[in-house]
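Accompanying notes for the structure given below.
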Amino acid sequence: MTDPLFQKACIVGIGLIGSSLAHGMREHHLCTEIVGCDLSQDVCDKAVSLGVVTEAGPSPSKMVSDCDLIILSVPVGAMSAVLLELNVHAAAGAIIMDVGSVKGSVAEAADGLRDDLYFVPAHPVAGTEKSGPSAGFASLFEKRWSIITPLENPSTEYKAALTLVEALWQGLGADTVQMDAQHHDIALAVTSHLPHLIAFTLVSAADDIESVNEKEVVKYSAGGFRDFTRIAASDPVMWRDVFLHNREAVLEVLGHFSEELAAMQKAIRWGDGEALEKAFSRARGLRREIIEAGQEVDLPNFGRDQEKTIEEE
Ligand code: NAP
């Protein structure tokens, strides 16, 4: 067995992503000791009782002072306040990594950090609609991408920190890629933020449409609607922050989407079957590419029936 990459890590924000990291790091022997920090004492107690972390408390000052790795897994809007505290209490030489879904605003928030702290922004493109310390599991990041958006003009020490962070994600089974924060934010606005916005809007709109009563929305939900409700069940605070902090990129892709939607509306109104079929075939082709890239399974019902069978076994 190889030596762990880190001696002591503190997970700040022990929710879905934070607890999944803790489970994965423990399972793959990537860190000797893992402690936690969360706003709520209840979450701290639960995380300890579930064995996610060995010790946890609400105050970063008490938890981070002897850590060589600090992971920020709080909502994007809370990153800047936590970073201010870490700037005072983190040990010299500590690596601070965030996992926020938006990278530009988090890099800005880290701008005033001490020179002896190494901030490496990362975003695992993996998740579920669940939240909290009991939602995490070790295999969440396996065969998923973790996007790292390094700061500019890196020192030799910073490059070493970057190498360790990449090794951490690879140790968890993820593939890593580096890109700049602005590119990340526009790419993820397309692949993640817009789909969530559409799901939230669609599900709320269905709730508002008076001609279909609520029982029918629930009863016939298997016809596509149900899959949107899963995405729309995602944490409201996390997603509020994503849209507030990735405003420009989301508005840009939303503009393109609105134009495409208007084109669909026109095709339906004018009976333009050829345009509809062309657009739907393109979409189907893209799904095939996603399956071929190993980012989705080619099973009916997204493989959920198979998961059920495995759980039942
Ligand atoms: P989560 O399950 O809601 O966990 C976040 C935790 O952070 C909660 O326990 C929350 O406590 C705590 N928290 C909030 N403010 C804090 C503060 N100032 N100090 C300490 N703890 C604080 O959320 P998550 O899904 O793990 O998301 C965490 C981060 O990962 C976010 O930045 C998100 O953008 C990113 N991310 C999420 C996904 C996903 O699919 N969920 C995927 C990739 C990246 P309270 O509940 O008491 O407020």
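Both counts, for ligands and for their atoms, begin at 1 and track the order of listing.
With sequence neighbours left out, the side chain to side chain donor-acceptor pair (under 3.5 Å) criterion links Gln41 to Asp45.
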Could you pull out the N/O contacts under 3.5 angstrom between ligand 1 and the surrounding protein atoms?
| unit_1 | atom_1 | unit_2 | atom_2 | d |
| --- | --- | --- | --- | --- |
| ligand 1 | 2 (O) | Leu16 | N | 2.9 |
| ligand 1 | 2 (O) | Gly132 | N | 3.0 |
| ligand 1 | 9 (O) | Asp38 | OD1 | 3.4 |
| ligand 1 | 9 (O) | Asp38 | OD2 | 2.7 |
| ligand 1 | 11 (O) | Asp38 | OD1 | 3.1 |
| ligand 1 | 21 (N) | Leu39 | N | 3.3 |
| ligand 1 | 26 (O) | Leu16 | N | 3.2 |
| ligand 1 | 26 (O) | Ile17 | N | 2.9 |
| ligand 1 | 32 (O) | Val74 | O | 2.7 |
| ligand 1 | 34 (O) | Ser101 | N | 3.2 |
| ligand 1 | 34 (O) | Ser101 | OG | 2.6 |
| ligand 1 | 36 (N) | Ser101 | OG | 3.4 |

Taking only distance into account, with no hydrogens and no angle test, what donor-acceptor pairs under 3.5 Å do side-chain atoms of residues 29-40 form with protein atoms, sequence neighbours excluded?
| unit_1 | atom_1 | unit_2 | atom_2 | d |
| --- | --- | --- | --- | --- |
| Thr32 | OG1 | Gln7 | OE1 | 3.3 |
| Asp38 | OD1 | Ser40 | N | 3.2 |
| Asp38 | OD2 | Ile14 | N | 2.9 |
| Ser40 | OG | Asp42 | N | 3.3 |
| Ser40 | OG | Val43 | N | 2.9 |

Which pairs would a plain distance check flag for residues 162-188, meaning a side-chain donor or acceptor within less than 3.5 Å of a matching protein atom at least two apart in sequence or in another chain?
| unit_1 | atom_1 | unit_2 | atom_2 | d |
| --- | --- | --- | --- | --- |
| Thr163 | OG1 | Lys159 | O | 2.9 |
| Glu166 | OE2 | Gln178 | NE2 | 3.1 |
| Gln170 | NE2 | Thr176 | OG1 | 2.8 |
| Asp180 | OD1 | Gln182 | N | 3.1 |
| Asp180 | OD1 | His183 | N | 2.9 |
| His184 | NE2 | His123 | ND1 | 2.8 |
| Asp185 | OD1 | Lys103 | N | 2.9 |
| Asp185 | OD2 | Gly104 | N | 2.9 |

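Side-chain contact between Pro195 and Thr191 is absent, with no heavy atoms from C-beta onward closer than 4.5 Å. Between Met97 and Val99 the shortest side-chain heavy-atom distance falls below 4.5 Å.
Ring planes of Trp239 and His196: parallel class, angle under 30° (limits at 30 and 60°).
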